[in-house]
Asks: 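Handing you a structure now.
One-based numbering, in listed order, for ligands and for the atoms of each. FYI, the numbering just counts along the sequence from 1.
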Amino acid sequence: MRTSLIVAAGGSGSRFQKTSPLPGGQYSSKLFFPLCGKPLLAHTVEAFQKISQVSETILAVPEGAQSEARRLVRERGWQAVRLVRGGRTRAESVWKALRKANPRNKWVTVHDGARPFTSPTLLKKLFQGAENSDGVILAKKIVPTIKEADGKGFIRRTVDRRVLFEAQTPQVVRRELLEEAYRKVPKAFEATDEASLLEAVGAEVRIFIHEDWNPKITTYHDLELAEAYLHQKNKVITTTGIGRDTHRLVDGRPLILGGVEIPFEKGPLGHSDGDVLLHAVIDAILGAAGEGDIGEWFSDKDPKNKGIAGKFMLQTVLKKIVPMGWKIQHLDSTIFLERPKLSPYKEKLRRSIAELLSIPQGYVSVKAKTMEGLGPEGQGLAVTAEALVTLQRIVS
Ligand code: MG
């Protein structure tokens, strides 16, 4: 068989955004959010990339996520992928993608962009199951006892669960029949899956029972569970790293800590912006990941690094570390500074760092200390910061 793959990823992901504890949105959609270092959508798409039956992939993504999706396709080297704009409903997104699918393919496979746990082995079995039918969908037995109740809340019936199944994706259907259903079925754009459209035109669709966990990631909590699941199935290592940085304080330079400018008459002297806190954080991350130190990454001999912002340095490091599978679990830090008093700014610094690291604010700690007049920090000559970072990664 030859099939086009349609990835339905047109939704806004508003439930995910609402449940996410992360300050600010670094990603235009939940689909780009890292799941064990790899964007959620990459988990989903890459299982299909390895299969010869799938000749092309059409991604239906919202307008606002188009450029990020295009970048992901390029960065991960996916083959034969096209993008379409998602519709107002899932079924409309699938329809828009269907019109772009290669008409020579007799089959269309539709899969939710936010279901990351299929595998090439599973997909091959599913495709075999489609032969001699009009379609096949992944389905799960309903295990709990199911009650039917009336509008007043009284139970009227216990439903025979032996004939009940939860419809999941992928759903593999004959292309002609799906097109026919879109033309004939009233309110086709409101259908919640492809099988229901085929059922409405009298087609014979099979279920393929699959008992492994195949969640659709909807809330931030789902993503955390998915990560825990991957951690449980694989070997995970936890590492820690420390970082420390000191800069001399001089007149007329801005005082930037954790990417936040603090009003003060003095600021750190340095080749960069002198953000000691982010420099310490960067060194701690590099230490935990075993990736050298900040001086190797951003040489002060390189004119390109003159005045470079700590924020930008941190983003550069994360762009390399996160795709290696590293996840920042926790960060603790201390700033040593005599003046100004940092207590009014500590929460702001915490929020700024949490945002930069894409982790909940509760996993970031920023402490501040004066040195009771002792040493260069105590005498107001220097600012110092220390950081301790915990990273985790799946070892494959
Ligand atoms: Mg420094």
Side-chain angles (χ1 to χ4, degrees), residues 239-322 326 328 330-343 345-346 348-359 364-371 374-391:
T239 62
T240 51
I242 54 168
R244 185 185 167 94
D245 193 30
T246 299
H247 280 245
R248 198 183 283 274
L249 285 173
V250 293
D251 288 327
R253 287 263 299 179
L255 176 59
I256 297 168
L257 289 169
V260 174
E261 189 168 340
I262 314 263
F264 191 52
E265 70 264 20
K266 286 182 174 184
L269 183 67
H271 193 71
S272 65
D273 70 348
D275 188 333
V276 285
L277 182 53
L278 290 189
H279 293 177
V281 169
I282 290 167
D283 251 351
I285 292 172
L286 291 174
E291 287 293 320
D293 64 31
I294 194 167
E296 292 168 30
W297 279 63
F298 307 94
S299 164
D300 59 10
K301 305 271 178 332
D302 191 340
K304 183 166 97 240
N305 292 332
K306 187 156 174 52
I308 189 171
K311 264 186 185 184
F312 177 76
M313 295 159 92
L314 179 57
Q315 277 158 358
T316 306
V317 166
L318 291 175
K319 256 185 218 157
K320 170 97 184 282
I321 299 295
V322 173
W326 289 112
I328 297 162
H330 187 264
L331 162 75
D332 188 17
S333 64
T334 312
I335 304 161
F336 302 88
L337 182 66
E338 203 66 13
R339 274 193 323 123
K341 277 264 170 270
L342 289 177
S343 45
Y345 302 104
K346 279 195 291 192
K348 204 171 173 189
L349 302 194
R350 241 182 128 187
R351 192 161 56 232
S352 165
I353 294 172
E355 201 166 320
L356 288 166
L357 297 179
S358 286
I359 63 175
V364 173
S365 148
V366 175
K367 311 190 299 299
K369 277 186 108 56
T370 60
M371 296 295 283
L374 294 170
E377 293 88 359
Q379 289 162 21
L381 299 173
V383 54
T384 290
E386 287 177 347
L388 183 74
V389 162
T390 310
L391 299 187

Asks: Is a donor on one side and an acceptor on the other found under 3.5 Å between the side chain of His247 and the backbone of Leu269?
Replies: yes
Asks: How many degrees, to 10°, between His247 NE2 and His279 ND1 as seen from the Mg ion (ligand 1)?
Replies: 110°
Asks: Short question: side chain of Asp275, backbone of Gly258 - any donor-acceptor pair under 3.5 Å?
Replies: yes
Asks: How about NZ on Lys266, more than 12 heavy atoms from neighbouring residues, nucleotides or ligands closer than 6.0 Å, or not?
Replies: yes
Asks: Any sub-3.5 Å donor-acceptor pair from Thr384's side-chain atoms to Phe336's backbone N or O?
Replies: no
Asks: Please find out if the Mg ion (ligand 1) and some N, O or S atom of Asp275 are separated by less than 2.8 Å.
Replies: no
Asks: Name whichever N, O or S atom of Asp245 ends up nearest to the Mg ion (ligand 1).
Replies: OD2
